[in-house]
Structure formats: C-alpha cells, structure tokens
Q: 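Structure below; questions to follow.
Atoms within each ligand, like the ligands themselves, are counted from 1 in listed order. Remember, predicted model here, so these are calculated numbers, not experimental data. Just so you know, residue 1 is the first one in the sequence shown, and it goes up from there.
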Amino acid sequence: MELPFAESYRIKMVEIIRKSTRDERKKWIKEANFNLFKLKSDQVYIDLLTDSGTGAMSDRQWSEMMLGDESYAGASSYYKLKDAINEITGFEYYLPTHQGRAAENVLFSVLIKEGDVVPGNSHFDTTKGHIEFRKAIAVDCTIDEAFDTSLIHPFKGNVDPEKLEKVLKENNSKVPFIIITVTCNSSGGQPVSIENLRKVRQIADKYGKMIIFDAARFAENAYFIKLREKGYNDKSIREIAREMFSYADVMTMSSKKDAIVNMGGFIAMREKDLFCKASVFNIMFEGYITYGGMSGRDMNAVAQGLYEGTEFEYLETRIKQVEYLGNRLISFEIPIQQPIGGHAIFVDASRFLPNLPKEQYQAQTLAIELYIEGGVRGVEIGALLADRDPVTRENRYPVLEFLRLAIPRRVYTNNHMDVVAFALKNVFDRRKHISSGFKILKEAPIMRHFTVELERVGINNFQE
Ligand SMILES: Cc1ncc(COP(=O)(O)O)c(C=O)c1O
C-alpha cells in the first residue's frame, strides 16, 4: 500500500494560540473599525492575514542566528548571504534591505522618474505604491485567463506578450523596465512559466529594456514549473530557479516569504554600475552597504533560509497544505481561484456574495464574516486594496474581488486548515442573509487598506 503524504519536518517548539467567542469577536472587530489589520494578534485564532514574515524558522536557522557577525562594515554575515544569493540566483551584486518594499524604494529611486510607465503582471500593492508615489504609472499586462477564476490554466501569472508590446510601442521612451512578479501574488499566487519568461526576455531585448523580478516567492514558482512545464520534471528546484533568474537583470526580494525569515529583504543584480547607484540610496534609506536594514544574525538566517526554501521536500509539504485547504473549499463548492496557487487560497468574493454591490466591498465583508464565524483572519485583495486612481481620485474596482487566505510556512497543521474550511462553509451556507456591506469613514491618501476605518451600511440581518 502506498504510504500517505506527511510533512518533511517535525515540531520542536510550540506557541499557544487562543480561541474566543463569537460575541467577543463581534466586539473586537467593531472596535477595530472593521479593519482586520487593527485587530490584536491574540484576538485571532488562526491568522491567515499573510504568509509574509510569519513562517517558523528551523533549528538550523536559529543556530545561524547565534553565529551572526554584527560588525558595522564587512561583516562575515554579509558575505555568507552574498554566497547564498550568488549560488541560488546567479546575481553577483546585492544590497541588503530591511524588507521587500525597502528594496523597491531603493531601486526605484534610481530607476523611476515622474511620467514613467512600468508594465508588469499584476504588480503587488507596495510595488504599485512605490511606482505611483513617484508619479509614474503601473500597467497590468497579465494574461486575460487570470481574471476568470474558474478557468484552469497552469500559468495564470504569465505576462501577455501582446499587451506588453503594445505598452512598449506606445510608451517606449517612458518605460524604465519591465517587472515580473514570481509567483504573482495579486492574481492568486499564480506562477509564470519559463516559456513566458523567455518570451518577455525577447521582447525586452527588442526594446532594450531591463527585466526586474519581484522574486518574493521565486521558489514556489520554480516548484510549479517543475510540476507543470514540459521538460522540467527532472530538474531540481535550484536548477529551475537559476534558469528563471537568467532571464532577469535585477531582482527585489522580500525574504519574509521564500527565505522563511521574519524580517529581511535585498536587491540583487548583474551590473556593477546599477549596484553603485543603488548603494547611494541604500546608505541613505537603509544603512551601510554591508548590512542595509539588517542585523548580521538576520542575514545568516536568510542565507540558511534560501537553501531550505529551495528544497523540493519543503516546497512539496508547503504547497500541498495550501492545496489541502483549497480542495476542501472546492468540495464545499466555494468559489476560489483555480488552479490553487502557491501561498494562499484566493476566494472569489464577487461569486461568493453576488448580491452585494461592489461599492460595499464584497471581499472585506466576507473577511469580516469569516473572522466573526471562526476567529480566522484573512485579508481583502479587492477594491479597498486597489485604492483610488492617483489622478482622478476615483475608487478603482479591480476585475477580481478576492478574500486571500495566506498560509504561513511551517506554522499550522491540516487540522487548522479544516477549521478554516468549515468556518468558511458556515458563512457560505448563510451567504443569502449577508445583505449589506461597508462604507469608508476614514482613509489614507495612499495604501489605504492598512489603516482604513469602515462602518456598516445598514443592518446586516444575520449579525445584528
Ligand atoms: C509579491 C510581493 N512583492 C513585494 C512585497 C513586499 O514585501 P515586504 O512586505 O517585505 O515589504 C510583497 C509582500 O507581501 C509581495 O507579496
């Protein structure tokens, strides 16, 4: 008999989490102005807000922390991380930063100016924020298939070559680079194929443009290439990652994802000239070149995490857990982005709550209902996150309204996934009673979703 699948690690330390009552949760979410970011972590039972910086480090990573070199300049930890980055990505130069958005801030300070146009595949919100903050425009060139959640396509993160060429033809002189997010978070943790990366490289070369990877989940992307792309089944994750990076000139990294650390990031690149220019901003915003925004011990943990995060057995354990939750939801006929992505389940909130107008924030309403139901915290990836148009200041309504349930790495068991699935099923069973959503009371001028304050529109039959 074939043995069942089990995790590629065992547990050495545990953290106690607390359950709560429905009445407590109703009170807490109201006090948090219906913004899940404002909840205290002990008001949450299962926290699927993000997979970023929420993973469990291994015994080897903790050992590496003890070996950190905290010298201001020239620390051995810097060189340890340099070697790991070079071995895994092939990039020769790198700058440590305190997290992914800091890498964007430093790099874009060199590369983006007002009026520029930056094409890519569903830019992540901080990426878009850093582009728009510089009065430039992010143009989404993701393939159309990504916007039909029920359509099965192996690489829904792919860039549409025709859309990309159109942007380049129309704005050639204004395009500083093309950015590709692997995997593509905003479209559902969906991978980009090697074939697509090769095609984008050809187009970039034709127009003389650099390619930047937003590489936070590059290892999960490599895992999907291994499983889904012809000719890659026999290759190791590291071989695939090396090939992926061979099509890029620069990468920004949030190490809080596939390097399985709680804080950290970096920029890596091939060209010395860009390294020198970016170093100036790194010193201004982050810290000296050999530590950026990081302590030596954290750089050691990232180096070790990059090796662990590119092990097939680890990735298989991780992605199978995401799949486990997704398949449970599919069996309950809950609409989710398919195929199931790498780091999260993206619940299609407009199909879940079709009777609620999008102006009342369907995905946010669903996130709040799920929290009240089971103490599970997800996050809205919809109209709140899409923010206002920087020029017209009108609300932007994205094609897809998602509730994202992001799974932290090596943290929860499949029993927790069952709790999440059943809680969401209970909400699904009473969805017809969810007749009203939310309106905005207060919002920040940019990246409003983090701090927005909301108020119920009318009375929700079920809740009040
Ligand atoms: C694809 C992607 N890029 C960039 C970032 C920003 O990274 P950080 O949160 O480390 O600033 C994130 C964070 O979630 C992300 O998912």
Side-chain angles (χ1 to χ4, degrees), residues 36-37 47-55 95-109 112 118 120-133 138 140 142 146 156-159 177-192 211-222 224 244 248 250-268 282 285-286 292-294 298-299 301-302 305-306 309 318 322 337 341-346 377-381 385-386 402 404-409 446-447 449-450:
L36 291 112
F37 283 99
D47 203 348
L48 307 187
L49 182 74
T50 177
D51 64 321
S52 177
T54 52
L95 287 165
T97 62
H98 77 275
Q99 60 183 93
R101 69 199 69 184
E104 291 164 356
N105 188 29
V106 168
L107 186 65
F108 295 179
S109 295
I112 298 182
V118 183
N121 56 341
S122 304
H123 310 61
F124 182 65
D125 59 344
T126 60
T127 319
K128 197 172 190 167
H130 275 295
I131 293 170
E132 291 179 348
F133 181 71
D140 185 4
T142 314
K156 276 184 166 176
N158 279 357
V159 175
F177 56 83
I178 299 160
I179 188 155
I180 310 182
T181 309
V182 285
T183 56
C184 186
N185 186 353
S186 312
S187 76
Q190 297 291 323
V192 181
I211 295 180
I212 296 177
F213 279 2
D214 176 350
R217 299 181 183 83
F218 74 93
E220 291 172 6
N221 200 91
F224 284 119
M244 283 167 54
V250 190
M251 67 182 277
T252 56
M253 179 71 186
S254 168
S255 306
K256 301 163 73 174
K257 283 84 170 176
D258 278 359
I260 331 175
V261 295
N262 304 118
M263 192 52 72
F266 60 85
I267 312 166
N282 216 58
F285 299 151
E286 291 293 298
M294 297 187 71
D298 286 334
M299 286 191 278
V302 172
L306 282 172
R318 164 165 185 57
V322 178
Q337 171 72 296
H343 68 293
I345 298 299
F346 285 63
R377 173 158 69 171
V379 73
E380 189 249 23
I381 307 269
L385 180 90
F402 282 129
R404 188 187 74 176
L405 305 171
I407 322 286
R409 294 162 180 80
I446 195 162
M447 292 197 211
H449 57 290
F450 288 118

Q: Tell me: protein heavy atom nearest atom 6 (C) of ligand 1, and distance?
A: T126 OG1, 3.5 Å
Q: Check whether N121 reaches the backbone of G157 with its side chain - one donor and one acceptor, N or O, closer than 3.5 Å.
A: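 Indeed, once roles are kept as given, a pair shorter than 3.5 Å links the two residues.
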Q: Just to be sure I'm reading this right: ignoring hydrogens, which of T252, D214, T183, D51 gets closest to atom 2 (C) of ligand 1? Compare them by their nearest heavy atoms.
A: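 Minimum heavy-atom distance to atom 2 (C) of ligand 1 goes to D214.
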Q: Measure the distance from atom 9 (O) of ligand 1 to every protein heavy atom, then report the residue, atom name and distance (to 0.1 Å) of the closest one.
A: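 Of every protein heavy atom, R101 NH2, 2.9 Å lies nearest to atom 9 (O) of ligand 1.
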Q: Is there side-chain contact between L95 and E286, with heavy atoms separated by less than 4.5 Å?
A: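 Side-chain contact under 4.5 Å: no.
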Q: Quick one: list whatever passes salt bridge (charged side-chain N to carboxylate O under 4.0 Å, His left out) with D51, sequence neighbours left out.
A: R217, R318, R409
Q: Is there any N or O on K257 that sits under 3.5 Å from an N or O of ligand 1?
A: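 Yes: some nitrogen or oxygen of K257 is under 3.5 Å from one in ligand 1.
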Q: Identify, for atom 10 (O) of ligand 1, the protein heavy atom at the shortest distance, and state residue, atom and that distance.
A: S254 OG, 2.6 Å
Q: Which of the numbered atoms in ligand 1 are under 4.0 angstrom from any heavy atom belonging to E104?
A: 4 (C)
Q: Could you go through the side chain to side chain donor-acceptor pair (under 3.5 Å) check for D258 and H343 one step at a time?
A: CA-CA 10 Å; D258 278 359; H343 68 293; over 6 Å; no
Q: Taking both backbone and side-chain atoms of G100, is any N or O found less than 3.5 Å from an N or O belonging to ligand 1?
A: yes
Q: Taking 4.0 angstrom as the limit and counting only heavy atoms of Q99, give me the atoms of ligand 1 inside it, by number and element.
A: 8 (P), 9 (O), 10 (O), 11 (O)
Q: Looking at residues at least two apart in the chain, or sitting in another chain, which of them share a salt bridge (charged side-chain N to carboxylate O under 4.0 Å, His left out) with D140?
A: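 Applying salt bridge (charged side-chain N to carboxylate O under 4.0 Å, His left out) to D140 gives none.
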Q: Closest heavy-atom contact between T252 and E104?
A: CG2-N, 4.3 Å
Q: Only heavy atoms of R217, strictly under 4.0 Å: list the atoms of ligand 1 that pass.
A: 1 (C), 15 (C), 16 (O)
Q: If you count the non-hydrogen atoms of other residues, nucleotides and ligands that lie under 6.0 Å from CZ in F37, is the total more than 12?
A: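 Atom CZ in F37 is packed in, count exceeds 12.
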Q: Between ligand 1 and T181, is the shortest N or O to N or O distance under 3.5 Å?
A: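 For ligand 1, there is no N or O atom that lies under 3.5 Å from one belonging to T181.
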Q: Between T142 and K156, what is the shortest heavy-atom contact and its length?
A: CG2-O, 3.6 Å
Q: Would you kindly specify which portion of K256 sits under 4.0 Å from ligand 1, judged on non-hydrogen atoms: side chain, backbone, both or neither?
A: side chain
